[in-house]
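Scroll down for the structure; my scribbles are underneath it.
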Amino acid sequence: MSTLILVREKLHINKENALGYILLIPSIVIFAVFTFWPLFYTVYLSFFDWNMISPSKEFVGLRNYFDVLTDPRTYQILGNTFLYIVLLLVINCVVPYIFAFVIDVVLTRLKGFYKSAMFLPAFISLVVGSILFTWILNPVSGPLAIIFGWVGLEIPNWTKTEGWIIVVLSIITSWKVFGYNFILLYASINGISREIIENARMDNIPLWRIFLQIILPMSSATGIYVFIITIVQSLQYVFTPVKVVSQGGPDYASSNLIYHAYHEAFVVFRTGHSATISIITMALFLLLLFLEFKFVERRIYYEN
Amino acid sequence: MKINRTAEVTWHIIFFAAVILLIFPIVYALGMSFKPLEDAYNNVLNIVPFQSTLENYITLFDTLPVLRITLNTFVIATVATIFKVVTAFLAAYAFVYFDFRGKNILYFVLISTIFIPFTVTMIPNYLIVSEMGLLDTVWGVILPQLADAVGIFLIRQSMKNIPLSLIEVARLDNTGHWKIMKDIVLPLVRPAVTSIGIWFFISTWNEFVWPVLIMKTTDNYTLPLALQMFISVEGGTNFTVAMAVSVVTMIVPLALYLTFQKYIIGTFTSSGIK
Amino acid sequence: MKRYLQALSILALIIFLAACNSEGSASTGNGEKTVIEYWHVNAETQGGKTVTQLVEDFNQQSDTVEVVAKYNPDMYKGLMQNLQAEAAAGNSPAVVQVGWSFLNYFSDNFHYVSPQTVIDEHFPDDKTFLQDKFLPNVMDLAKNGDGEQVGIPYSLSSPVLYINRDLLREAGLDENGPKTWEEVKEFSEVIKEKTGKYGFYMQEPADNWATQALLESNGARFITDGKATFASDEGIEAYQLLRDMVVEDETALHIGWDQGIQSFIDGSVAMAYTTIAQRSNIQSNAQFDAAAVRSPGWEGKDVRLPAGGAMLSITAEEEDQQKAAWEFMRYLYSVESMAEWTKGTGYVPPRNDVAEAENGLKTFLEENEMMSAAIEQMDGVVPWASFPGDSGLEAEQLLLDLRDQILGGSISVEEGLKSTEEEINELLQ
Amino acid sequence: MKKEIQFEHVKKSYGDTEVVKDLNFTIKEGERLILLGPSGCGKSTILRMIAGLENITDGNLYMNGEKMNHVPSGLRNVSMVFQNYALYPHMTVKQNIVYGLKVQKLPKQEMENRLNSVMEILQLRGLEDRLPKSLSGGQRQRVALARATVKRSDFFLLDEPLSNLDAQLRESARKELVKIHEMFNQTIVYVTHDQIEAMTFADRIALMYNGELQMLDTPDNVYHRPANVFTAKFIGSPSANILEADYRNGWVHTGNQAFEVNDSWKEHMNKQSFDDILFGIRPEHLELSTSPMSNGLEGRIKYIENLGKSCSIYLEADGQEMIAVSENGSWKQGQSVYVRPQSDRIHFFNKATEKSLGHPAERTETNQTIEERRVLV
């Protein structure tokens, strides 16, 4: 008897929660079919040598991993990837943070204008942006080069120069990403109580200290979100200018992990290598996510 | 807040420079689209064309069924956005207001999809779409984009900012979950949902790698694909027509943005994405 | 409630539209006509209009076949990518354009049927079409490493030297341009010195077509008996000249293709070595006295120019599709169609009788001087080096990487060519 | 069925932490029960378990005689006022109040009637179409109260409903609550940490500490007959004096001094068994004098707190601290004084268990009935 009641009670709880599962079904189904199945397929492919069309896939065990991990090019591309990350973080995280702070807290005029104008490019296609920038930044014939020419300056031949190419592609990417991050950070800073800032001003605390010691910690939840999203999303965004402008060149100097996975799969058709690189990329991303959960999520509680 | 005058002027100069950098390409594209190609090559500096011409637009409209293509793009972006927002909303609701076995793991798993590069899913998804016979159809483009973990993440964040007591009061009145969703939660997370929706719409609108793979006939093109038709390294890019396509591509997002500018910035600002 | 209903009806409308859209395309196969897909790479600036026109005309005059054209962005590479995906999904178009550098990769990996086979089986009347209308050396371009006829040459291009006569005159140089590569180098130096402009630009797309022309004209060979052999003394010498112009003299531009062309058209570079397919772009947009001259050679050596462009190959698997494919191709290869094609693209016609024919290109060629350089040098055309085997594309990629290394100055020509040759030969085994 | 709430060995724990330990008591029909205790004592958890917003880890909860452990909130016939009022920010006052009724598909006329009557009682007329954000704190509180009231449920739960109001508003809000209770006579469970609220409003007080019920009785008894040290100290302000002491033959020794208890205490204490005791006396039950008194203890004034009407006087006697209250304002810091506990107001506790040793039977104070109290409020 009592066990029967117990079971029924248990079922009752489940009935309450069943709706929770039901609500998740659409997402789970879609992700299962269009994300997780492809993911497992990719993991599977990373153990094969295959060019996507030949009927036979040759099982090669861990050789793809060995190949990729011993290829010096992988490390070059890894280095590029980190360079992109650093640049994109500076341009799309640090700069908009400071901008948002100054516009919201320091300035009194033109706030609305700056917000609208800076957010605008976020709505435009990055393909369009990439084509435009290739044209605008043509080191010989572009408008910028001509204007520079008037004052006797030369634009570096960025499309073919290691280092510069990454800088310019990062700038092109930032053109699109900047405004979105800026608005998010602005919103977060805007949400900080003015009393706290005014109080600090009364104590004659310099602006940079207010920024570092009040604004930064109090908006850190958004900051962290922008930080992570910059790393993950921007690297995927960079794909577009890389593909349109440089195709990873010169000599892989502008390739990153995501473009390289594309290059291996769709230019030289080495599916196995591509899959392996994708898996490694994801492992790196997940490590980042894990670190974020472990160290950062805890620290940002006091905001709410 | 008071700062000294020179500092303020300096900041304004910096921001003006930034705004010019950000806006210039858009203005430039607009100018180029009204120039003859020859002019675009030889007079790069005059952004406002000497002799403006509609030729590029005429070429574009002669070559492609632009309205049809715009409609395709619109349909794809709208349907994908609606599905993404709805699935994300439902999932976020489940994660915030239910307690069930495996919830945290499930959340982590779904969120981790943000980190999967699209190169991973492209080919298998192509196979699925092809298997379903949806190549060269709008649904073929839409289907893999029906859910988005970023949406789940952001809407969940926003729901977590609603005091739980609001939901509890409703539960005490024996209000069903569907009604709570509709009458209480949705109105309260509307800014977040709207801003995320706008964001999804814009990204789908501008997407190009995936539609290129799926679409074949011109009638089914989306705008970013139409742009590709005027870009060729071998035959030379018809830059000014390409810019005309770009302008057409930009019109909807720009119109959206400029019309609802205050509202959009407002929703992004108050969406409580924290 | 009202707003709710409104939203709902809009949603319903959109989904309805989406459904209509998918329906619309699925039902193109109306009636009895066999529907086939034709995959091409022709952007609007590169004959896209002509493709649309030809397909439309064909569909109108044919009672049995309906062609659907699919444009593939990003040239032959882009087409190959889409074809990969399509093949992986178990589908195939009927007719595809295959770029020469993909010849071996295509024939090794994709299902195709030789056009002559289709003709022999179904079209006895056309039995000698290919023999009659095409020169054997042209047909050879479409033969793979094993000597199989993979397709029929469709677009032929060759590299020519575009010159800015105004700049040459300003620099006091021969306005007819340089004849040899050595002269190109000298010209560039003078131009740089006299005008401050760059002297020369050689196209840098994602292939080694122009490089091959440069090296092979000096007597080097990219491939001999299925092995890479470009690192010969002649090859090194040829590449060294280009490298010196870019790295040492800084008289030549090292930049992306579209940017390079942009700089030629706006007068920043005096000479551009690139495909004849750029003719209409240059002709209509340059505001100076522009001309195209024959591809330079090396002092005392024969010019060898790899054929650019593509062939048409039949990838249809079913018989009726294959039949339809040939019917469509026969239409494309007619004199009239070929002439339209040439006019639209600037490519050299592969058929031997088009240039002179009244209904062909006679008047067109008379009016377009730039074309003559390309047509005249056709006897020097050789096949585009396409590395055989599974790793052919990788080998191609290695050469591209090498170009960046050499012209970027990070490696010496000799060392670069030798090590890359070795690497490629290892891959090819 | 009686509108009672009955706890039977109810436990609540989150993981390893037990927040409510073995709860056994009954809330009577129509009673105003106050759950009182410091923050974190588990009182809100109990309320939320009644509402069905928290699961019960162990034991049974009965309402109306039915087991409620797994009955969803919506079917428990309760209404609740939250500390933060939980008003729907996007709905007007009127929409807020009737939303629950709409969900329950009440007939329109009935809805109107209820709305009108509650708007009247709580003086919300004229605010119907305002949004919560444009209301003052007191108005919001009344809207929350109104929303809970229109439901006319059997059980009325309030979670610190007045804690966000200032003192004056609190008083009037309390009166409104009483008014509402008199009209509808629901069973009220009211959570607060404010003892004045508890003393004035409660029929009975359930004093919680550390997840355990310390005492459940009328306000009078809680004040006059604290069941343990915690209760004695928690109720009353300033807090009761608790001194370490020995009891020997009718004498209470605190350090070097001692005083004698009266006969009824002696009789009572003789019946108890104990080792060490604690002696308790409320500050207001200490007589204060400058000259020595029989049964008085000597001490020195350390600090005086002037409250206007009276002063709290902090003393030291025998190395232990004590507080006394005096209406006389002439005391000086450092002065030597004598204090004498009123002998019928003293308390003894077992030092080990801190439980009260009880009180002599013939305590003098009247034990008001609930009805009598209610008239007074």
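Lettering of chains follows the sequences in order, A, B, ..., and the numbering in each one begins at 1.
Between D:Tyr88 and B:Val169, the closest side-chain pair of non-hydrogen atoms falls below 4.5 Å. With contacts defined as side-chain heavy-atom distances shorter than 4.5 Å, the pair B:Leu166/D:Pro89 qualifies. Using a 4.5 Å heavy-atom cutoff, the side chains of D:Ser73 and B:Asn174 are not in contact.
Ranked by heavy-atom pairs under 4.5 Å with chain D, the first of B:Ile167, B:Leu164, B:Leu172 is B:Leu172. With chain B as the partner, the residue from D:Lys151, D:Met80, D:Gln104 showing the most heavy-atom pairs under 4.5 Å is D:Lys151.
Heavy atoms closer than 4.5 Å to chain D are found in the side chain of B:Leu188, but not in its backbone. Contacts of D:Leu157 with chain B are absent, with no heavy-atom separation under 4.5 Å from either backbone or side chain.
The environment of NZ in D:Lys179 is crowded: more than 12 heavy-atom neighbours from other residues, nucleotides or ligands sit within 6.0 Å. For B:Lys103, the NZ atom is densely surrounded, since the number of other residues' heavy atoms within 6.0 Å is greater than 12. With a 6.0 Å radius and a threshold of 12 heavy atoms from other residues, nucleotides or ligands, D:Lys21 has its NZ atom above the threshold.
Between D:Tyr99 and B:Asp183, the side chains place a donor N or O and an acceptor N or O closer than 3.5 Å (distance only, hydrogens not considered).
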B:Glu168 vs D:Arg48, side chain to side chain contact (heavy atoms under 4.5 Å, CB included): CA-CA, chis, key distance, verdict = CA-CA 10 Å; B:Glu168 289 173 346; D:Arg48 293 171 61 80; 2.4 Å; yes

